[in-house]
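Data block below; observations after.
Keep in mind that what you see is a predicted model, and the values were worked out from it rather than measured. Each residue takes its place number in the sequence, starting with 1. Ligands are counted one by one from 1 in listed order, and the atoms in each one are counted from 1 as well.
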Amino acid sequence: MTTIDLHSHSTRSDGKETPTEVFEKAARAGVDILALTDHDTSSGWSEALEAAVRVGVGFIPGIEVTTLATHSRGNRSWSFSVHMLAYLPDANNADLAAELYKTVNAREIRAKKIVDRLAEDFPITWDLVLAELEDGATIARPAIADALVSLGVVFDRAEAFDGPLSSEGKYYVPNENVDTMDAIRKIRLAGGVPVIAHPMARSEEVPEGRKMPEEHFEEMVSAGLGGIEIFHRDVPEFVRPWLSSFAAKHDLVITGASDYHGENGKPNRLGENGTSLEMLQRIIDQATGVEPHL
Ligand code: AMP
Ligand code: FE
Ligand code: FE
Ligand code: ZN
């Protein structure tokens, strides 16, 4: 059995370990092929490749693109955050690179706003957040969580997300994102394969179907969606049969992955969910951006 894990993060975004450490741990965990998919950046790829070759793990270059989908029915309209995995895209493609650049900058402005709000009640500063981040890494809420941990406000990231960083809380500011359908088209134009990450994650929090209606999936397929990440710890069991039959109906690839963020970043463990070799092959066959390193 080949263990293929198609979703992981490093210190180039909100993971706690460098790309090198991630690949060293993947080798020890018995993972044969790993995709590094940092949020909105490909800056970890070269380090990942070097480490992957050294430790004998296959490397699939990827990016987890932060997007926002807007849906309306009648006179109601609502938005929801969609994470779109892009496998094997040409990261130098001008349109894709410009989108990622915009997103990363918007993330920084938004993170500063969250910190300003938090600073009204906690002794947090922007410098303390930056101290938790590598230069040039994509900023996401976990960096703010780490600053709150260093300050002793919370014990760990999970407690920060359950408390001050909750998307329901008063300090929250949403990301300003690229439209999901535009992102799918841009990933394709860059030769990448778009696979929706952890769809309907934790959707027990919302009435079934309201957040991501079937029309939304149909629209993504029309835009060029290539696959669905079904086997992920945050995808509730009750939506998996529906996602599987939808994938079969539209001939989409189905994947599984850990979404590893480091041993102390999240409980997700390398290799805890996997993708079949056949499905990975279908991704590789569709991609024209960059080469996989198997
Ligand atoms: P953001 O994109 O800035 O809104 O931050 C979302 C990121 O926070 C996701 O990519 C997750 O990896 C991370 N995250 C969400 N919930 C938790 C949690 N309970 N513990 C650790 N990290 C989390
Ligand atoms: Fe993350
Ligand atoms: Fe995600
Ligand atoms: Zn992820």
Checklist entry - Restricting to N, O or S atoms of D14, which is nearest to the Fe ion (ligand 2)? => result OD2

Checklist entry - What residue among H9, H7, K266, R269 forms side chain to side chain contact (heavy atoms under 4.5 Å, CB included) with Y260? => result R269

Item to check | Close-contact set for ligand 1 against H261 heavy atoms, below 4.0 Å | outcome: 12 (O)

Checklist outcome for this item: Per salt bridge (Lys or Arg N to Asp or Glu O under 4.0 Å), E263 is matched among R28, K25, K16 by K25

Checklist entry - Are more than 12 heavy atoms from other residues, nucleotides or ligands located less than 6.0 Å from atom CG of N264? => result no

Next on the checklist: At a threshold of 2.8 Å, where the distance has to be below it, does the Fe ion (ligand 2) have an N, O or S atom of H39 nearby?
Outcome noted: yes

Checklist entry - Do the ring planes of H39 and H261 sit parallel (below 30°), tilted (30 to 60°) or perpendicular (above 60°)? => result tilted

Next on the checklist: What do you get for the angle at the Fe ion (ligand 3) between OE2 on E64 and NE2 on H198, to the nearest 10 degrees?
Outcome noted: 100°

Checklist entry - Which atom, among the N/O/S set of H83, is closest to the Fe ion (ligand 3)? => result ND1

Checklist outcome for this item: The option among G265, A140, P142 carrying the non-hydrogen atom nearest to atom 21 (C) of ligand 1 is G265

Next on the checklist: Is it the case that ligand 1 has an N or O less than 3.5 angstrom from some N or O of R157?
Outcome noted: no

Checklist entry - Does the gap between the ring centers of H250 and F217 come in under 6.0 Å? => result no

Item to check | Short N or O distance, R141 and ligand 1, threshold 3.5 Å exclusive | outcome: yes

Checklist entry - Which word best sums up how the rings of F23 and F59 line up, parallel for under 30°, tilted for 30 to 60°, or perpendicular for over 60°? => result perpendicular

